[in-house]
Amino acid sequence: MLEQSLQQKLLQKLSPQQIQLIKMLEIPIMELEQRIKKELEENPALEEGSEDDDITVEAVDEDENKEDEEIQTDDLQNDIDANEDEKEDLSKEDEFTYEDYISEEETED
């Protein structure tokens, strides 16, 4: 006779990058430094950076963030000013004068 069953499985697979990262974390510092030097020698596209470079990059990022905030603030203020100008223009257009109600024919009589 036929039987039906329901099973549920939970699998977790590691990507190759995750496996490589785990292996690198297990390596002692001396071996890691040697491996980095070896990779730098084998791959000409890689360059060794200094800690000063990291600090400079962080400082530049902070300056760019401040400039972006200032630009956003200026843009927001410009939008507010433009909206106020539009409201003033509309309110002037909504105002009617006595001449608007009287046609030219009536003024001739």
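Heads up: numbering here begins at 1 and tracks the sequence. Because the structure is predicted, anything quoted here is derived from the model rather than measured.
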Mind checking what makes side-chain contact (heavy atoms from CB on, under 4.5 Å) contact with E47, not counting sequence neighbours?
none
CD of E31 to CE of M24: how many Å apart, nearest 0.5 Å?
12.0 Å
Applying the 4.5 Å side-chain criterion to the ILVMFWY set and letting contacts propagate, would L32 and L46 be lumped into a single cluster?
yes
Give, for atom CG of L25 and atom CD of Q20, the distance between the pair rounded to the nearest 0.5 Å.
11.0 Å
Please list, chain by chain and in numerical order, all residues satisfying side-chain contact (heavy atoms from CB on, under 4.5 Å) with I22, sequence neighbours excluded.
L14, E26
Shortest non-hydrogen pair, S15 vs Q18, comes out as N-OE1, 2.8 Å
Considering all heavy atoms, the nearest I27-R35 contact:
CD1-NH1, 3.3 Å
